[in-house]
Asker: 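This structure is in structure tokens; I'll ask about it shortly.
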Protein chains: 2
Amino acid sequence: MSSNQDNLTLCPVEITLTLIGGKWKILILRDLMQGTKRFNQLLKSINGINQKVLTQQLRSMEKDGLIIRKVYPEVPPKVEYTLTELGLSLKPILDAMYEWGEKYKKIKG
Amino acid sequence: MSSNQDNLTLCPVEITLTLIGGKWKILILRDLMQGTKRFNQLLKSINGINQKVLTQQLRSMEKDGLIIRKVYPEVPPKVEYTLTELGLSLKPILDAMYEWGEKYKKIKG
DNA sequence: CTGTATCCTAGAAGATACTG
DNA sequence: CAGTATCTTCTAGGATACAG
């Protein structure tokens with residue numbers, strides 16, 4: 001898994017990939033860019049992910065300083081996930097991906 | 001594998017991911033953004049990839065219209081890979097990833 | 001040099017059941 | 001609701017050998 005202890009001799013693009021590569025993190029970021037979300041909200045809005053994998057990805061992103069996990073000591077439990085400043089700073093990447101996908105859709109769709 | 005037959009009802013970010021997701025395509029794009037490259041050049045400059053996987057990824061990207069493969073009928077063979085216009089249009093994404101990686105390096109390094 | 005063709009493996013991802 | 005804990009499946013990726 002990625003971590004902030006990864007080799008910092010990698011090229012900048014590779015560094016970025018170690019933190020947001022993989023099948024799901026970009027999609028989690030896409031959702032959290034809209035604001036704080038609860039675990040179940042993420043689970044529903046991310047097509048095809050399951051509970052275990054979502055938990056794993058969120059933990060990894062928390063460890064990497066991209067998101068913050070806030071637990072409300074209630075019953076039933078309530079857990080909210082929010083982007084950190086570092087996480088928010090990924091927005092230009094997400095925006096570029098969004099724009100490219102839009103254009104591609106128009107061409108091919 | 002990704003293809004241009006993927007479900008176009010996906011959100012734009014997901015569409016982009018189907019075309020450039022995975023462990024290697026971004027790195028191949030990074031290299032080809034600098035211009036046409038031969039197979040062996042790519043093999044050497046992409047850290048950790050092997051021949052089979054590089055071939056697979058290049059075929060997939062060719063099928064998706066991101067790159068063009070040009071074979072020179074020589075002995076020994078010479079094959080060059082070049083970005084198409086569509087492939088080139090991914091540059092903003094690569095640039096954003098590069099910039100983010102740079103900043104991250106400065107903070108953590 | 002640029003590929004196929006096999007075979008193999010690690011680990012990501014998924015299904016299911018259970019819990020505070 | 002938001003998780004663990006297991007067990008299983010799957011496939012991207014890797015190692016190796018060979019070929020035009």
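Lettering of chains follows the sequences in order, A, B, ..., and the numbering in each one begins at 1.
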Asker: Quick one: B:Glu80 CD to C:dC1 P, roughly how many Å, whole number?
Answerer: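 Answer to the nearest Å: 15 Å.
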Asker: Taking OP1 and OP2 of D:dC1, is either one under 4.0 Å from a side-chain nitrogen or oxygen of A:Tyr81?
Answerer: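 For D:dC1, OP1/OP2 do not have a side-chain N/O of A:Tyr81 under 4.0 Å.
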Asker: CE of B:Met61 versus P of D:dA12: gap in Å, rounded?
Answerer: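 Checked: the CE to P distance equals 16 Å.
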Asker: So which one's nearest nucleotide on DNA chain C is more toward 5', B:Val71 or A:Trp24?
Answerer: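 The residue whose closest nucleotide sits nearer the 5' end is B:Val71.
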Asker: State whether the number of non-hydrogen atoms from other residues, nucleotides or ligands found under 6.0 Å of A:Lys103 atom NZ is greater than 12.
Answerer: no
Asker: Once you round to the nearest 0.5 Å, how far does OG1 of A:Thr84 lie from CD1 of A:Ile68?
Answerer: 6.0 Å
Asker: State the CG-CZ distance between A:Leu54 and A:Arg59, to the nearest 0.5 angstrom.
Answerer: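 Between A:Leu54 CG and A:Arg59 CZ, I get 9.5 Å after rounding to 0.5 Å.
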Asker: Please name the pair of heavy atoms, one in A:Thr16 and one in B:Met97, separated by the smallest distance, quoted to 0.1 Å.
Answerer: OG1-O, 2.7 Å
Asker: Rounded to the nearest Å, what distance is computed from the CD atom of residue B:Gln56 to the P atom of nucleotide D:dG14?
Answerer: 10 Å
Asker: If you take any heavy atom closer than 4.0 Å to DNA chain D, which residues from residues 34-50 of chain B end up in contact?
Answerer: B:Gly48, B:Asn50
Asker: To the nearest angstrom, how far is A:Lys78 atom NZ from D:dA2 atom C1'?
Answerer: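 Taking NZ of A:Lys78 and C1' of D:dA2, I get 13 Å after rounding.
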Asker: Could you go through residues 32-43 of chain A and list every donor-acceptor pair under 3.5 Å that involves a side-chain atom there, pairing it with any protein atom two or more places apart or in another chain?
Answerer:
unit_1: A:Thr36; atom_1: OG1; unit_2: A:Thr82; atom_2: OG1; d: 2.9
unit_1: A:Gln41; atom_1: OE1; unit_2: A:Arg38; atom_2: N; d: 2.8

Asker: Can you measure B:Leu54 atom CG to C:dG3 atom P for me and round it to whole angstrom units?
Answerer: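 To the nearest whole Å, that distance equals 8 Å.
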Asker: Between C:dA13, D:dA2, C:dT2, spot the one nearest the side chain of B:Val79, thanks.
Answerer: C:dT2
Asker: Charged N to carboxylate O under 4.0 angstrom, B:Glu14 versus A:Arg30?
Answerer: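 Salt bridge between B:Glu14 and A:Arg30, a charged N being under 4.0 Å from a carboxylate O: yes.
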Asker: Under the side chain to side chain contact (heavy atoms under 4.5 Å, CB included) test against B:Tyr81, which residue among B:Met61, B:Lys70, B:Arg69 passes?
Answerer: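 When side chain to side chain contact (heavy atoms under 4.5 Å, CB included) is applied between B:Tyr81 and each of B:Met61, B:Lys70, B:Arg69, only B:Arg69 qualifies.
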Asker: Which part of the nucleic acid, if any, lies within reach of B:Tyr72 when heavy atoms closer than 4.0 Å are counted: base, sugar-phosphate only, or nothing?
Answerer: nothing
Asker: What's the shortest heavy-atom distance between A:Asp64 and A:Leu86, and which atoms?
Answerer: O-CD2, 3.8 Å
Asker: Output the rounded distance in Å from CD1 (B:Ile28) to C1' (D:dA12).
Answerer: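 After rounding, the reported distance stands at 14 Å.
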Asker: Check the surroundings of atom CD in A:Glu74: do more than 12 heavy atoms from other residues, nucleotides or ligands lie under 6.0 Å from it?
Answerer: yes
Asker: Output one line per pair: protein atom, nucleotide atom from nucleotides 4-8 of chain D, and distance, for all N/O pairs under 3.5 Å.
Answerer:
unit_1: D:dT4; atom_1: OP1; unit_2: A:Arg59; atom_2: NH2; d: 2.8

Asker: Out of D:dG14, C:dG3, C:dG14, which has the shortest distance to the side chain of B:Val53?
Answerer: D:dG14
